[in-house]
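Report on the following structure.
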Amino acid sequence: MWYLHDGAPPHFARQVRDFLNVEYPNRWIGRNGPIHWPARSPDLTPCDFYLWGHMKQLVYSEPVNSIEELTARIRVAAETIREDPTVFGRVRASLERRARDCIDNNGLQFQHFP
């Protein structure tokens, strides 16, 4: 298992990095970690361009009334995504398209995709 975090100030704290070094030795991606977070790369990161948005859409399709309901919806959304046999093929195809566009633009910023 690998751990990916975004380098937000709370995630960059020494205690957090020390914990990640113990729990995920040489297997975490983030600011000053063993694998550096790709700079300005949300268009190339599947968790950013697909997973979080899709999960939020599933979880918040209706108002949430309690923390218990929120927790249950998150679990159901994760299972729904995991059980979809087409999801990883679609994500891979989208990642390949985004990588080609990034290469075509010499690594510079490019248009955000829907």
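From a predicted model like this one, the values you see are computed outputs, not experimental measurements.
Separation of atoms CD (E23) and CH2 (W28) is listed at 13.0 Å; rounding is to 0.5 Å. Expressed to the nearest 0.5 Å, how far CZ of R92 lies from OH of Y50 amounts to 13.5 Å. Here the straight-line distance linking atom OH of Y24 with atom CD1 of I35 works out to 15.0 Å at 0.5 Å rounding. Between R14 atom CZ and F19 atom CZ the span is 15.5 Å, to the nearest 0.5 Å. Atom-to-atom distance recorded for R100:CZ and R97:CZ is 8.5 Å, nearest 0.5 angstrom.
With contacts defined as side-chain heavy-atom distances shorter than 4.5 Å, the pair V76/T80 qualifies. Between I81 and L58, some side-chain heavy-atom pair lies under the 4.5 Å cut-off.
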Discussion item. T71 vs R75, test: side chain to side chain donor-acceptor pair (under 3.5 Å). Steps then yes/no.
Written reply: CA-CA 6 Å; T71 302; R75 286 189 176 124; 5.8 Å; no
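Between the side chain of R73 and the main chain of E62, a donor-acceptor pair closer than 3.5 Å is present.
For the residue pair R90 / S94, no side-chain donor-acceptor distance below 3.5 Å is found, with atom types taken as modelled.
The two residues V64 and S66 have their closest heavy-atom pair at CG1-O, 3.4 Å. What you find for P34 and N26 is that their closest heavy atoms are CG-CA, 3.7 Å. Between E69 and P63, the closest heavy-atom pair is OE2-O, 3.9 Å.
Hydrophobic clustering of Ile, Leu, Val, Met, Phe, Trp and Tyr side chains at less than 4.5 Å, counting indirect connections, keeps V22 apart from V16. A continuous path of Ile, Leu, Val, Met, Phe, Trp and Tyr side chains, each step under 4.5 Å between heavy atoms, connects L95 with W52, placing both in one hydrophobic cluster.
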